[in-house]
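A quick write-up on the structure given underneath.
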Amino acid sequence: MGKERLQNYIGKYLSGWGLTAILLVVIIGLPVYTLVYEFFASPPDDAWLHIRDTVLTDYILNSLGLVITTGLLSLVLGVSSAWVVSVCEIPFRKYFEWLLILPLAIPTYIAAYTYAGIFDYTGPVQYLFERLFGVEFMYFDIMNFWGVSVIIALVLYPYVYVVARSSFMNQSASLLEAARVLGSSSSRAFFRIALPIGRPAIIAGLSLVLMEVLNDYGAVKYFGVNTFTTGIFRAWFSLGSAGAAINLSGLLMIFIVILLTAERLQRGKKRIDEGARTGRRIKRYKLSGWKLFAAFSACFVPLLFGFIIPVIQLLFWSLSTIRDVFTTDFFVLMLNSFGLALMAAFLAVLFALIILYAVRIHRMKFYSLLAKVAPLGYSIPGAVIAIGIMIPLLTFDKQIIDFFESAGRETPGLILSGTLFAVTFAYVVRFLMVAISPIDAAFKKVGIELDDAAKSLGANSSKTLWKINFPLVKSAALSGFILVFVDILKELPLTLILKPFNFHTLSTKAYQLASDEMVVESATPALIIVLIGIIPIIILNRLMSNNA
Amino acid sequence: MEVLSVQNLTKSFDKDDAAVNDVSLAVEQGELFALVGESGCGKTTLLRLVAGFEEADRGTIAINGDIVTDDGYSLKPEKRKVGMVFQDYALFPHYTVGQNVAFGISGEPASYKKQRVKEVLDMVGLHGFDDRYSHNLSGGQQQRVALARALAPKPKLILLDEPFSDLDGLLKDQLREEVRNIIRRAGATALFVTHDMRDALSSADRIAIMRNGDIIQTGTPRELYDNPENLYVANFFGKINALQVRVKDGCFQMASGCIRDVKNYGDGDYLIGIRPENVEILSSCAEKCFKATVKLAQYFGDHQQIHADVGEGKNIVIHAHEKVLFHEGDTICLNFDPVKVHVFQNAEA
Ligand SMILES: Nc1ncnc2c1ncn2[C@@H]1O[C@H](COP(=O)(O)OP(=O)(O)O)[C@@H](O)[C@H]1O
Ligand SMILES: [Mg+2]
């Protein structure tokens with residue numbers, strides 16, 4: 001029985017599932033190891049010293065500034081519209097409830113160059129002015145820090161809106177009515193009750209906005225605002241300095257860790273969803289006159305500028321170039337994008353299932369911790385992940401080439417770096433969270449005693465997963481799959497750094513065309529990204545209304 | 001033959017005191033064995049140890065003579081061939097009743113599976129329920145599906161965790177009887193846990209009483225009722241009065257009288273337990289009785305429940321079946337049959 005006993009002892013801590021999960025998490029951590037190692041180990045090079053002495057202050061100030069301006073703007077847009085749809089009676093309120101989320105479908109870089117086109121010398125704003133007033137419009141330059149702040153906030157405020165709305169709707173009617181009976185005006189009830197109660201959730205939503213702001217490359221680059229991300233690109237591509245790219249990434253990560261820690265601290269021990277719903281809905285304020293106008297505007301303005309105008313502009317451009325669009329090149333583009341996104345989304349869901357099932361089998365703190373660590377890539381900007389993956393892969397390829405050269409053979413070229421392998425892997429690292437959260441929630445709803453029941457009926461772990469768990473989390477896995485798929489389709493910075501030479505996806509092509517002064521031609525791929533981006537919004541909205 | 005043999009089984013979670021503490025028990029072939037104890041005393045943990053879901057710190061478990069748990073060794077639950085009925089049934093929600101029942105029958109031809117499912121469903125009285133889903137069934141039906149599913153692979157031993165706790169009233173009484181008959185008919189051996197002694201009394205051949213992880217006493221229902229080892233065990237059979245008394249001169253010394261020690265316990269201090277229905281109210285006081293003052297009298301139709309002070313501030317509860325009504329302040333004469341008194345040598349409260 002000695003051998004059996006040993007097996008038994010090991011089996012408690014390790015299984016095929018457990019081992020696979022550990023391996024996956026170890027591999028997923030690759031960019032982090034690179035970052036930490038290189039950040040502390042590699043000596044500063046000339047490029048870094050140059051950056052440090054010239055533009056670093058700019059990077060820091062711009063990034064910090066963007067965090068503040070877009071943060072404040074998103075708060076104003078998101079919270080005010082959420083308050084109106086929650087407690088006021090306005091025309092089309094039911095529609096606004098979900099329409100207000102739509103701007104999220106437009107990636108920041110697409111919003112940025114679409115608005116740049118709208119305000120361009122040859123753009124519709126200019127044209128309208130000349131037509132209406134016969135004079136040349138005083139040129140309104142939006143291509144600066146303030147312009148990009150407003151545009152980013154216009155498409156990212158829904159992160160705040162969604163959580164604020166669910167918080168306001170969940171707050172019990174009696175609480176707010178009590179405040180009114182006690183003589184509070186509606187604004188007092190808002191500032192003294194609704195806002196303080198919703199604060200932890202709203203700030204959590206805000207932190208998602210800020211993560212996106214710090215991840216953005218396309219919008220700030222297009223508008224000529226230098227941030228950490230553009231700095232990483234410059235260090236990597238123009239200065240050819242891995243060391244400088246790493247140092248910038250490291251600083252950016254320190255910045256992010258501080259932000260996330262602050263968010264954690266403000267949240268305290270409170271749970272994010274107050275869930276204090278007491279059946280009754282708030283009786284909505286009936287408004288009239290300027291109050292109604294203001295309330296309506298609070299909902300209509302974000303929707304108009306965050307979604308309707310840019311989408312109409314894209315549609316317009318797309319239709320004007322439709323003949324040139326449907327070429328074989330375009331279908332190759334679609335194939336690239338979809339193939340890559342399908343592949344990576346499948347892997348992300350597979351990894352999520354394996355890791356979460358290992359947690360379920362072993363029921364130990366260690367494995368729960370594993371499942372908490374695995375999706376952390378979501379808070380690392382795409383550019384940082386890309387650098388963290390590129391450096392070790394390049395090193396590996398260089399070793400192989402050196403080996404072949406020293407053996408006097410023909411060299412095999414790049415094997416891992418600059419291949420689809422690298423991009424796919426990076427997508428999984430960055431978006432695993434998006435797959436894990438819905439699947440984890442679904443797993444938690446499946447009582448653990450179902451697994452025990454299956455075991456007592458003679459089913460091993462694989463059969464239990466396949467016959468019991470998987471069928472019950474299938475729809476969550478599908479949601480996770482779609483969410484990852486769409487996130488990948490929209491992704492820009494990571495793809496730009498890691499994509500193979502001469503290979504393009506919808507997003508990189510759209511961005512390249514726009515950068516090359518071909519904004520009109522870039523509209524069709526952009527529009528496809530936006531339209532597909534609407535799908536997860538519908539899914540998320542449904543998930544939320546199911547929970548409510 | 002022993003189908004289940006548990007020896008010196010100990011299991012503690014992170015806390016200091018063990019959830020299951022040095023427990024030994026044996027369940028014979030064909031027996032229905034009940035484990036009774038208050039909530040949190042370790043019953044579920046013991047069942048889960050037997051099923052293999054938890055690993056023991058110490059001790060051995062043998063099923064059908066094969067060691068399945070032993071000092072660091074633990075056979076996987078899926079290899080133990082033990083049926084289990086979970087407290088909340090744990091029916092697979094995405095499967096029909098038939099698919100649930102068929103789940104555990106493996107390595108058999110489809111025709112056998114089909115026939116066995118029918119057979120077991122008939123046995124539990126759910127003929128024709130094959131294609132229903134569990135969420136359309138009543139609690140009692142779900143429980144019978146769970147039982148059928150556990151029985152289908154013909155396990156040597158079947159474990160049931162609080163099988164009747166989610167049911168109430170008449171349904172519960174019926175189901176107790178039914179489950180007992182089903183298990184008998186299936187020829188299975190069963191170990192079930194419950195916090196309700198009535199469950200055990202109505203179905204079990206033998207009962208073990210658990211408290212804080214320990215097994216205090218094992219025996220047939222009759223043995224436990226007649227000779228409870230201590231007050232804790234006696235309490236499971238209903239309310240019991242506990243009195244600290246002294247036997248002297250062949251007499252139970254009460255503050256206000258004496259009851260003859262017919263069983264000859266001999267001089268000393270004892271803790272005695274008297275059930276309320278075994279206390280007799282006499283119409284007049286003779287030599288062999290003691291006096292008490294009524295503190296509270298409640299009328300319940302078929303009996304009166306009287307709380308009386310027997311002196312030295314000690315209270316006693318009596319179920320009186322007399323026609324005459326008692327009132328607060330009445331002085332009554334009491335007697336009890338020393339044969340019906342439980343005397344606990346280990347004077348433990
Ligand atoms: N998985 C567990 N982790 C920690 N403590 C547990 C666990 N399961 C049970 N316990 C503890 O063990 C004791 C016995 O629990 P249990 O066996 O469920 O009691 P019962 O079924 O008799 O109500 C309780 O104190 C309980 O808190
Ligand atoms: Mg229990």
Side-chain angles (χ1 to χ4, degrees), chain A residues 1-18 353 357-368 439 441-478, chain B residues 13-14 44 47-48 50-56 60 66-95 99-108 134 145-155 157-161:
Chain A
M1 206 143 80
K3 186 172 158 239
E4 236 174 289
R5 216 167 260 198
L6 185 66
Q7 275 178 352
N8 186 250
Y9 186 75
I10 294 173
K12 206 154 86 177
Y13 301 98
L14 224 53
S15 61
W17 294 100
L353 281 171
Y357 191 55
V359 177
R360 216 173 153 84
I361 290 180
H362 289 285
R363 299 178 205 177
M364 285 178 192
K365 282 221 178 71
F366 170 74
Y367 283 94
S368 326
I439 300 176
F443 260 124
K444 291 211 166 103
K445 281 194 196 135
V446 179
I448 194 80
E449 69 279 359
L450 289 191
D451 296 38
D452 290 344
K455 294 263 166 67
S456 80
L457 292 166
N460 61 21
S461 298
S462 308
K463 186 178 174 191
T464 306
L465 173 63
W466 190 240
K467 295 273 189 178
I468 306 297
N469 286 287
F470 185 67
L472 293 172
V473 302
K474 205 168 46 183
S475 59
L478 184 65
Chain B
F13 295 102
D14 311 325
T44 299
L47 273 199
R48 291 178 60 81
V50 172
F53 297 129
E54 304 284 352
E55 298 204 10
T60 58
D66 300 326
I67 303 262
V68 293
T69 292
D70 182 19
D71 179 31
Y73 169 76
S74 177
L75 188 67
K76 286 184 181 169
E78 62 262 34
K79 301 224 168 106
R80 293 195 176 197
K81 300 196 166 61
V82 168
M84 182 140 179
V85 176
F86 291 81
Q87 186 162 3
D88 49 4
Y89 317 138
L91 296 179
F92 305 133
H94 57 304
Y95 283 162
Q99 287 169 325
N100 263 285
V101 175
F103 188 87
I105 315 169
S106 57
E108 304 282 352
S134 56
V145 176
L147 187 58
R149 185 178 69 179
L151 288 170
K154 299 188 175 166
L157 175 67
I158 160 162
L159 308 171
L160 302 98
D161 193 357

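Protein chains get the first letters and strands the later ones, always in sequence-line order, with residue 1 at the start of each. Bear in mind that the values here come from a model prediction, so they are computed numbers and not experimental data.
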Rounded to the nearest 0.5 Å, how far does CD of B:E54 lie from CZ of A:R363?
-> 8.0 Å

Hits for salt bridge (charged side-chain N to carboxylate O under 4.0 Å, His left out) against B:D161, two or more places apart or cross-chain, chain-then-number order -> none

For each of B:P153, B:P93, B:G83, tally heavy-atom pairs with chain A at distances under 4.5 Å, and name the one with the top tally.
-> B:P93

For A:K463, does the NZ atom have more than 12 heavy-atom neighbours from other residues, nucleotides or ligands under 6.0 Å away?
-> yes

Interface moiety of B:P77 toward chain A, non-hydrogen atoms closer than 4.5 Å = both

Using non-hydrogen atoms only, which part of B:F53 is less than 4.5 Å away from chain A: side chain, backbone, both, or neither?
-> side chain

Against chain A, label B:R149 side chain, backbone, both or neither, depending on which of its atoms sit under 4.5 Å from a heavy atom there.
-> both

Which portion of B:Y95 sits near chain A, non-hydrogen atoms under 4.5 angstrom = side chain

When every non-hydrogen atom of A:L450 is compared with those of B:L91, the smallest separation belongs to CD2-O, 3.4 Å

Show the numbers, then the answer: is there a side-chain contact (heavy atoms from CB on, under 4.5 Å) between B:D88 and A:E449?
-> CA-CA 9 Å; B:D88 49 4; A:E449 69 279 359; 3.3 Å; yes

Heavy-atom side-chain contact between A:S456 and B:F86 under 4.5 Å | yes

If you measure from CZ on B:F92 to CG on A:L457, what distance do you get to the nearest 0.5 Å?
-> 5.5 Å

Which answer fits B:E55, side chain, backbone, both or neither, if we ask what part of it has an atom under 4.5 Å from a heavy atom of chain A?
-> side chain

Ranked by heavy-atom pairs below 4.5 Å to chain A, first place among B:V85, B:D71, B:L159 goes to B:D71

Out of curiosity, B:E78 CD to A:T464 OG1, how far, rounded to the nearest 0.5 Å?
-> 7.0 Å

Nearest 0.5 Å please: distance from the NE2 atom of B:H94 over to the CD1 atom of A:I468.
-> 4.5 Å

